[in-house]
Amino acid sequence: IKDLLLNRNSLIIKNALIYFLIIAFTALITAFLIYWFSAEKIKASSKVQMQHTNQLVASTFNSFIANVERDIDFLSNNPIIESFIQASGTKKQDFKTQLSKEFFALLESKPEYAQIRFIANDSIGKEIIRVDKIGTVVQHVSEDKLQAKGDRDYFKEIKNLNEGSKYFSVIDLNKERGGLSYPLTPTFRAAAPLFTNKKFCGFVIINVDIRNFLKEL
């Protein structure tokens with residue numbers, strides 16, 4: 001009888017162990033399947049959301065580019081700029097003052113614009129008119145602080161553009177007097193070459209501070 005009871009208890013323990021293993025295995029398989037189906041559902045949902053986000057980013061960026069392009073178009077086709085290029089003597093100074101005011105007004109109305117310049121077609125690429133925004137303060141840059149930009153890649157590229165073309169730069173960090181300006185400012189540039197009687201005579205260029213735009217993206 002004692003041996004029979006021992007065998008019976010041993011059988012119960014073995015059966016219990018087998019049932020436990022079956023239940024544990026089933027639980028693991030069930031958990032894995034639930035995880036797998038959930039993961040697939042999450043991935044599918046994430047993919048749709050990412051595609052939607054990418055479309056929004058592309059739409060936002062295209063809208064941003066279109067706005068900058070309209071402004072550079074407005075500046076390059078402004079009759080004052082042609083009058084300034086062709087004038088001489090006191091008349092030239094008068095048109096220069098008017099053009100500076102145009103730059104000032106546009107810079108003041110666009111929070112993301114950091115700088116607008118007219119750069120001459122000469123050997124050093126001298127800035128002729130420049131208006132800066134420091135923080136929220138817009139200011140004309142005096143003659144003695146105007147710089148030469150003939151060594152910059154964008155100057156060389158714009159010189160080779162055809163009449164009616166537009167230039168859009170890569171995004172890089174803004175430089176002043178050969179060194180990086182601080183605070184570090186990711187900058188996008190848009191420019192248009194200016195022609196008089198088919199002759200290239202300089203260009204107008206807008207520097208856009210894209211820090212806030214990047215934060216929004």
Side-chain angles (χ1 to χ4, degrees), residues 63-150 152 154-155 157-159 161 163-169 171-172 174-177 181-183 185-213:
S63 176
F64 164 76
I65 294 292
N67 285 332
V68 178
E69 186 173 10
R70 274 195 296 271
D71 288 334
I72 202 70
D73 230 5
F74 164 74
L75 290 177
S76 61
N77 290 304
N78 192 320
I80 298 174
I81 217 164
E82 187 172 352
S83 299
F84 166 69
I85 291 168
Q86 294 181 344
S88 59
T90 56
K91 275 285 185 186
K92 194 172 188 72
Q93 185 57 45
D94 290 342
F95 286 123
K96 183 178 180 180
T97 301
Q98 290 181 49
L99 196 55
S100 295
K101 288 178 180 178
E102 292 277 350
F103 288 4
F104 191 99
L106 182 58
L107 201 60
E108 203 169 38
S109 68
K110 301 282 185 169
E112 67 276 19
Y113 289 5
Q115 193 178 86
I116 302 177
R117 293 169 291 162
F118 172 78
I119 296 179
N121 175 33
D122 57 24
S123 58
I124 61 171
K126 183 70 183 292
E127 294 173 336
I128 304 300
I129 301 172
R130 174 174 162 178
V131 183
D132 284 354
K133 184 186 289 172
I134 310 298
T136 58
V137 179
V138 179
Q139 58 187 26
H140 297 284
V141 176
S142 59
E143 293 278 348
D144 60 316
K145 291 184 179 177
L146 296 174
Q147 300 174 40
K149 298 292 183 178
R152 298 300 302 274
Y154 62 78
F155 180 85
E157 289 179 45
I158 296 167
K159 281 189 73 170
L161 292 178
E163 189 172 358
S165 300
K166 302 288 182 302
Y167 168 83
F168 299 103
S169 76
I171 295 169
D172 61 10
N174 191 48
K175 291 182 179 179
E176 296 297 343
R177 303 191 181 281
S181 58
Y182 290 88
T185 308
T187 302
F188 169 79
R189 297 174 187 83
L194 303 169
F195 289 80
T196 299
N197 299 323
K198 303 298 180 181
K199 181 183 177 183
F200 175 69
C201 50
F203 59 90
V204 61
I205 184 166
I206 299 173
N207 281 22
V208 186
D209 177 352
I210 62 166
R211 283 177 294 178
N212 288 333
F213 180 73

- Task: For the pair Asp132 and Gln139, evaluate side-chain hydrogen bond (donor to acceptor under 3.5 Å, both in side chains) and give the outcome as yes or no after the intermediate values.
- Result: CA-CA 5 Å; Asp132 284 354; Gln139 58 187 26; 5.3 Å; no

- Interatomic spacing from CZ in Phe203 to CD1 in Ile81 - rounded to 0.5 Å: 11.5 Å

- Task: First locate atom CZ of Arg211, then atom OG1 of Thr187, and finally report the distance between them rounded to the nearest 0.5 Å.
- Result: 8.0 Å

- Task: Could you pull out the closest heavy-atom pair between Val131 and Ser100, with the gap in Å?
- Result: CG2-O, 4.0 Å

- Item | Any side-chain heavy-atom pair of Phe103 and Val204 under 4.5 Å | yes

- Heavy atoms only: give me the nearest Cys201-Thr196 pair and the separation to one decimal. SG-OG1, 3.6 Å

- Task: Would you please name every residue forming a side-chain hydrogen bond (donor to acceptor under 3.5 Å, both in side chains) with Ser142, sequence neighbours left out?
- Result: Asp144

- Message: If you define the side chain from C-beta out and look only at heavy atoms, does anything of Pro193 sit under 4.5 Å from Lys159?
- Response: no

- Can the ring centres of Phe188 and Phe213 be said to be less than 6.0 Å apart? no

- Task: Give the minimum heavy-atom separation between Phe95 and Ala87, together with the two atoms involved.
- Result: CD1-CB, 3.7 Å

- Item | Evaluation steps, side-chain contact (heavy atoms from CB on, under 4.5 Å), between Arg189 and Asn207 | CA-CA 5 Å; Arg189 297 174 187 83; Asn207 281 22; 3.4 Å; yes

- Message: I need the minimum non-hydrogen distance between Ala190 and Val68, along with the two atoms involved.
- Response: CB-CG1, 3.3 Å

- Message: As a quick check of understanding, evaluate side-chain contact (heavy atoms from CB on, under 4.5 Å) for Lys96 and Ile129, giving each step before the final call.
- Response: CA-CA 8 Å; Lys96 183 178 180 180; Ile129 301 172; 3.7 Å; yes

- Item | Backbone of Lys199 reached by a side-chain donor or acceptor of Asn197 within 3.5 Å | no

- For Ile72 and Ala192, work out which heavy atoms get closest and say how close. CG1-N, 3.8 Å

- Carefully, step by step, assess Leu146 and Ile128 under the rule side-chain contact (heavy atoms from CB on, under 4.5 Å). CA-CA 7 Å; Leu146 296 174; Ile128 304 300; 5.8 Å; no

- So how far is it from Ile85 CD1 to Leu194 CG, rounded to the nearest 0.5 Å? 5.0 Å

- Task: Answer yes or no: does atom NZ of Lys91 have more than 12 heavy-atom neighbours from other residues, nucleotides or ligands under 6.0 Å?
- Result: no

- Message: Quick check: do Lys166 and Asp73 have side-chain heavy atoms less than 4.5 Å from each other?
- Response: yes

- Query: Under the salt bridge (charged side-chain N to carboxylate O under 4.0 Å, His left out) rule, what pairs show up with a residue in residues 102-111, not counting sequence neighbours?
  - Reply: Asp71-Lys110

- Are the aromatic ring centres of Phe118 and Phe84 under 6.0 angstrom apart? yes

- Query: Is the side chain of Glu112 donor-acceptor paired with the backbone N or O of Val208 at a distance under 3.5 Å, no angle test?
  - Reply: no

- Item | Distance (rounded to the nearest 0.5 Å) between Leu107 CG and Arg130 CZ | 11.0 Å

- With the side chain counted from C-beta on, respond yes when Phe168 and Glu69 share a heavy-atom pair under 4.5 Å apart, and no when they do not. yes

- Message: Go through it in stages, so that I can follow the logic: the residues are Phe200 and Leu161, the test is side-chain contact (heavy atoms from CB on, under 4.5 Å), and I'd like the CA-CA distance, side-chain angles, deciding distance and then a yes or no.
- Response: CA-CA 9 Å; Phe200 175 69; Leu161 292 178; over 6 Å; no

- Asp94: salt bridge (charged side-chain N to carboxylate O under 4.0 Å, His left out) partners, not counting sequence neighbours: none

- Between NZ on residue Lys149 and OH on residue Tyr154, distance to nearest 0.5 Å: 4.5 Å

- Query: Roughly how far apart are Thr185 OG1 and Ile171 CD1, rounded to 0.5 Å?
  - Reply: 13.0 Å

